[in-house]
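Data block below; observations after.
Along the sequence shown, the residues carry numbers beginning at 1. In each ligand, atom 1 is the first atom listed, and ligand 1 is the first ligand listed.
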Amino acid sequence: MATERTLVLVKPDAMQRGLAGTILQRLENRGLRLIGLKLMQVETDLARRHYAEHEGKPFFAGLVEYITSSPIIAAVFEGDSATGAVRNSVGSTNPSQAAAGTIRGDFGLEVGRNLVHASDSPESGERETALFFTPEELVAWSRDTDRWISEDA
Ligand code: DAT
Ligand code: MG
């Protein structure tokens with residue numbers, strides 16, 4: 001399996017509702033390794049670049065307004081097949097259709113307040129990580145538990 005890096009954003013609604021720790025804990029509990037973490041206010045320019053693929057869609061302006069409306073936590077998780085694992089834990093884009101047991105399915109109701117962002121491919125993970133973090137801000141480390149999480153560690 002390939003080691004991947006994937007960007008997670010704890011969005012403003014999750015921050016306002018005090019769910020940051022719960023969300024990060026669920027991903028950490030899967031065995032994914034945190035290699036980058038910061039509390040930040042996203043400015044409009046970064047929001048537009050992050051969501052560039054959605055420019056022109058009817059929800060784009062609201063999406064930019066939402067993601068810039070309050071501080072967020074940006075996190076990078078690393079691990080074998082990290083992208084798919086995080087997306088599965090996050091759940092479907094619209095929380096009203098997300099499976100119970102997922103973050104969106106357990107804590108959300110509406111697509112415009114879906115609590116968390118997760119990269120949709122390894123390539124997006126690299127692109128988005130570079131948007132939110134400098135290389136110096138990412139920490140390479142190994143854990144004593146890695147061999148209990150991955151056969152290949
Ligand atoms: P995801 O965040 O699951 O990767 P996406 O990349 O398709 O979903 O869309 C990015 C965000 O845009 C999503 O988290 C919420 C918002 N969004 C997507 N589709 C929407 C819609 N039909 N109406 C309102 N907001 C939407
Ligand atoms: Mg997406």
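- Checked by atom type, the side-chain pair Ser70/Gln16 shows a donor-acceptor distance below 3.5 Å.
- Each of the atoms 13 (C), 14 (O), 15 (C) of ligand 1 lies under 4.0 Å from some heavy atom of Asn114.
- Backbone and side-chain nitrogen or oxygen atoms of Arg104 are examined, and one is located within less than 3.5 angstrom of a nitrogen or oxygen of ligand 1.
- Residue contacts with ligand 1 do not include Lys57, since none of its heavy atoms lies under 4.0 Å from the ligand.
- Although no hydrogens or angles enter the test, the distance criterion places a donor-acceptor pair under 3.5 Å between the side chain of Arg104 and the main chain of Asn114.
- When heavy-atom distances to ligand 1 are checked against a 4.0 Å cut-off, Arg113 has no atom that comes that close, whether in backbone or side chain.
- Taking every non-hydrogen atom of Thr93 and a distance limit under 4.0 Å, the qualifying atoms of ligand 1 come out as 1 (P), 3 (O), 8 (O), 13 (C).
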Trace of the salt bridge (Lys or Arg N to Asp or Glu O under 4.0 Å) decision for Arg48 with Asp45: CA-CA 5 Å; Arg48 295 181 70 93; Asp45 181 60; over 6 Å; no

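- Contact annotation: for Lys11 versus ligand 1, heavy atoms closer than 4.0 Å belong to the side chain alone.
- With Thr102 contributing its side chain and Gly105 its backbone, the two residues share a donor-acceptor pair below 3.5 Å.
- Of all the heavy atoms of Val111, the ones lying under 4.0 Å from any atom of ligand 1 are found in both the backbone and the side chain.
- When Tyr51, Phe60, Tyr66, Phe59 are checked for heavy-atom proximity to atom 25 (N) of ligand 1, Phe59 turns out nearest.
- Side chains of Asp120 and Ser124: a donor-acceptor N/O pair is present below 3.5 angstrom, by distance only.
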